[in-house]
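The structure appears below as structure tokens.
Note that these values count all heavy atoms, side chains included, but never hydrogens, waters or copies made by symmetry. Residue numbers count from 1 along this sequence. Just follow the structure's listing: the first ligand is 1, and inside any ligand the first atom is 1.
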Amino acid sequence: MSGQEQQFVQDVFASNWIAPLGPQVDAFEKEFCDVVGVRHALALSSGTAALHLSLILSGVSQDDEVIVSTLTFSASVNPIIYQGAKPVFIDSERASWNMNPTLFAETVKRKVAQGKPPKAVILVHLYGQSADIDPILEVCNEYGIALIEDAAEALGATYKGRSPGTLGKAGIFSFNGNKIITTSGGGMLVSDDGDFITHARKLSTQAREPAPHYEHAEIGYNYRMSNVLAGIGRGQLQVLEERVQARRRNFDYYVEMLADLPGIQFMPEAPWGRHTRWLTTLTIDSERFGADREDVRLAFEAQNIEARPVWKPMHLQPVFAQYECIGGETSATLFANGLCLPSGSNLTETDLVRIVSVIRSVYAQNHS
Ligand SMILES: *Cc1c(COP(=O)(O)O)cnc(C)c1O
């Protein structure tokens, strides 16, 4: 927490407006629109809920196909299954680690030619960096496919000057505890389409029809964010830019202190925008470095420092093994060699020195 949150939460208690909906939720949505540059926003209980509603409102149902990045967190994919639809995984490109636009275009064209166009695509913006949206959006527009952007990890990033999450039909953000800003748990659905958000708002509050009694013509969900958590979100939003700067400073420090080591390669920052470095991630070429990713991770663990492998691609997950994947080598290699370094906005210089010394000592042990 940054300090501002308590005031907003106090306002909630003073007004005794605790339940979902209320002035803090309205203000959080409006302020979020201003920060990311979008017309409409809907505060929800999680990013996953936002993805689920996006799919429902894009008409995704039983046996439809939904294209999705394979290198991501499972929450990008689970809502496809909730709808009884089938994920089609697409491999990463090296430039950004995000969905390969060429593979995406080829896949859409093949499926259209086969008479089964995908219903939607969930494009993930990984680790604080936007995917290359334009070529993907172009294909979506040509074939009438809904582009849903999973920007859960990319709040504060830019793509050609705009915020990822705001270029497609809908975008989602997450305020889970590990994200760049947090409400302890929560999410946001954004769109320039007012009707889309109005309908999502209705579904998120149990799909009540306008009537004095409880009237229902659609299946609803209980997905709304509480007024208390929206108060926290408003405080957090004020420190977003500071957080991005802190994360980027961590990254710069790691680069400065580790770049001379052979076989270490940081996740590239693609030319189209700003990477927030929500997480600093790198790959280790074991032949050149003299030790592999697991050696380094275990050396961290021995020092009680948490560092995790890059996401295990969805096409390699037992639960999704039966689904189609286009390519897969690039993301599999990133998983095999990739490591996420400690990246918190509150890391101290002492922490950073300690972290760097662990990696350097693994290198030194293998080069003595
Ligand atoms: C965190 C995350 C989500 C889910 O957000 P929740 O708010 O935790 O439901 C979805 N996609 C990606 C890529 C994420 O990292």
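Counted by atom type alone, Q303 and R354 present zero donor-acceptor pairs between their side chains at under 3.5 Å. Checking T348 against D351 by side-chain atom types alone, a donor-acceptor pair falls below 3.5 Å.
The pair E29-R224 meets the salt-bridge criterion, since a charged nitrogen lies less than 4.0 angstrom from a carboxylate oxygen. Looking at E31 and R234, a side-chain N of the basic residue comes within less than 4.0 Å of a carboxylate O on the acidic one, giving a salt bridge. Salt bridge status for R277 with D252: absent, with no side-chain N to carboxylate O gap under 4.0 Å.
Among all protein heavy atoms, the one lying closest to atom 5 (O) of ligand 1 is S174 OG, 3.2 Å. The shortest contact between atom 9 (O) of ligand 1 and any protein heavy atom is with T48 OG1, 2.5 Å. Shortest contact from atom 11 (N) of ligand 1 to any protein heavy atom: D150 OD2, 2.7 Å.
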Donor-acceptor list for residues 316-328 side chains, cut-off 3.5 Å, not counting sequence neighbours:
from, atom 1, to, atom 2, distance (Å)
Q317, NE2, K312, O, 3.1
E324, OE1, K111, NZ, 2.9
E324, OE2, R110, NH2, 3.1

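Remark: ligand 1 atoms within the under-4.0 Å shell around heavy atoms of A152 are 2 (C), 3 (C), 10 (C), 11 (N), 12 (C), 14 (C). Atoms of ligand 1 lying under 4.0 Å from at least one heavy atom of A75, given by number and element, are 3 (C), 4 (C), 10 (C). Atoms of ligand 1 lying under 4.0 Å from at least one heavy atom of T72, given by number and element, are 13 (C). Less than 4.0 angstrom separates some heavy atom of S46 from each of these atoms of ligand 1: 7 (O), 9 (O). Within ligand 1, the atoms closer than 4.0 Å to a non-hydrogen atom of F73 are 2 (C), 14 (C), numbered from 1 in the order shown. Taking a cut-off of under 4.0 Å to the non-hydrogen atoms of G186, the atoms of ligand 1 that pass are 7 (O).
Residues L126 and W97 come closest through the heavy atom pair CD2-O, 4.0 Å.
At least one heavy atom of S76 sits under 4.0 Å from some atom of ligand 1. Judged by the shortest distance from any of its heavy atoms, K179 lies inside the 4.0 Å radius around the atoms of ligand 1.
Geometrically, ligand 1 and N178 share no nitrogen or oxygen pair separated by less than 3.5 Å. Residue G47 has at least one N or O atom closer than 3.5 Å to an N or O atom of ligand 1. Below 3.5 Å of separation, one finds an N or O of E153 facing an N or O of ligand 1.
A cation-pi arrangement, defined by a distance under 6.0 Å to the six-membered ring centre and an angle within 45 degrees of its axis, is present between R293 and F335.
Between F89 and H315, the distance from one ring center to the other does not fall under 6.0 angstrom.
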